[in-house]
Amino acid sequence: MPASLSTAPLSASDRAEAWHDAMCHTFVPLEVDLLEEVPSPGEIAGRPLGPMRISRVQAGPQTLTRNRRLLTDDDSPTLILSVQERGTSLKEQDGRETFIRPGEFSFTDTSRVFRKRIDEDFTFTSFHFPRAELHVREEDLRALTATAFSGTEGSAALLATYLRQMARQAAGLDEALGRRAAATALDLLALLVDDRAGRTRPQDSQSAASLERVKDHILRNLRDPDLSPSTIAEANFMSVRFLHKLFQQDGLTVGGWIRTQRLKRCSRDLLRPMAAELGVAGIARRWGFANSSHFSRAFRTAYGMSPRDWQTDGKPTG
């Protein structure tokens with residue numbers, strides 16, 4: 001269930017304690033030092049998505065510290081990937097100290113000490129999940145904590161784009177779709193870690209042919225609502241990470257390409273006589289959209305109008 005908390009209704013003297021409790025409950029036990037004499041109101045809005053939890057945090061200047069005293073053997077290691085939206089943070093972990101500016105993202109391993117200082121009003125969206133859900137080598141992950149990723153090119157851009165879309169659409173995803181969305185996000189994060197470590201790079205000549213084969217498989221199975229990176233990879237005898245790398249070469253994501261192909265076919269069928277019998281929801285299901293509200297949002301994003309408006313104002317696509 002979604003959850004939110006705001007310290008705005010509290011007196012200034014009560015905000016520090018309430019905010020400390022909220023941050024520790026949302027993430028892990030932390031030392032929270034507010035840097036204002038009169039603390040600004042803070043707000044946290046969170047939502048679960050499969051093994052992941054998405055939290056949007058906005059507040060005033062503060063320092064967050066996870067020191068050795070707060071680490072215990074009973075802790076289950078978690079990772080926190082944070083996308084900075086407003087304000088600049090200074091993150092420290094594993095001997096690195098890095099400024100994370102708006103539009104950049106970074107991640108933190110809560111099983112080791114870290115520190116995050118923000119000297120101005122800020123907003124960030126975090127994605128936190130068990131370390132065991134990310135299947136990468138420990139040394140590769142440790143090399144990238146407290147590192148700023150711009151999200152403008154390569155595997156970092158794929159991940160950043162997907163995370164933004166996932167956060168916007170999370171409220172409309174049911175439990176099954178939420179788990180699949182979170183799994184794809186974790187696959188893309190693993191792809192980024194492997195990419196920075198220089199692992200599993202497909203050969204150009206072979207990958208071009210493989211990509212065409214995979215796309216053909218997808219087109220032949222577009223109607224299947226359970227079509228996913230894992231089922232596609234299994235059917236084509238490759239790993240999920242390799243599958244994502246194939247699409248990365250064309251600047252695409254697997255899920256994005258599938259969605260585009262489905263929307264094209266839906267836009268075509270909405271203008272055909274069958275639309276009167278099937279209706280908008282029927283056509284969406286016909287092309288693998290299991291959730292009609294998710295289909296309507298995706299259609300509006302792609303075509304600038306609702307499916308019903310498209311039936312009235314749209315143009316045939318051939």
Atom CD of E277: over 12 foreign heavy atoms under 6.0 Å: no
Proximity of F122 and F124 rings by center, below 6.0 Å: yes
NZ/NE/NH1/NH2 to OD/OE distance under 4.0 Å, R15 and E36: no
Pairing residues for D216 by the salt bridge (Lys or Arg N to Asp or Glu O under 4.0 Å) criterion, not counting sequence neighbours: R220
Salt bridge (Lys or Arg N to Asp or Glu O under 4.0 Å) partners of E120, counting only residues at least two apart: none
Side-chain donor or acceptor of N67 paired with backbone N/O of L70 under 3.5 Å: yes
Qualifying ring pair (Phe, Tyr, Trp, His ring centres under 6.0 Å) pairs, either residue in residues 20-58, two or more places apart: F27-H128
All pairs passing ring pair (Phe, Tyr, Trp, His ring centres under 6.0 Å) where residues 264-290 contributes a residue, at least two apart: F289-F295
Results of side chain to side chain contact (heavy atoms under 4.5 Å, CB included) for A298 - residues two or more places apart only: R259, L263
Set of side chain to side chain contact (heavy atoms under 4.5 Å, CB included) partners for A183, sequence neighbours left out: none
Nearest heavy-atom neighbours spanning R96 and L144: NH2-N, 3.8 Å
Shortest non-hydrogen contact between S230 and V240, atoms and distance: CA-CG2, 3.8 Å
Close side-chain approach of R112 to Q93, heavy-atom, < 4.5 Å: yes
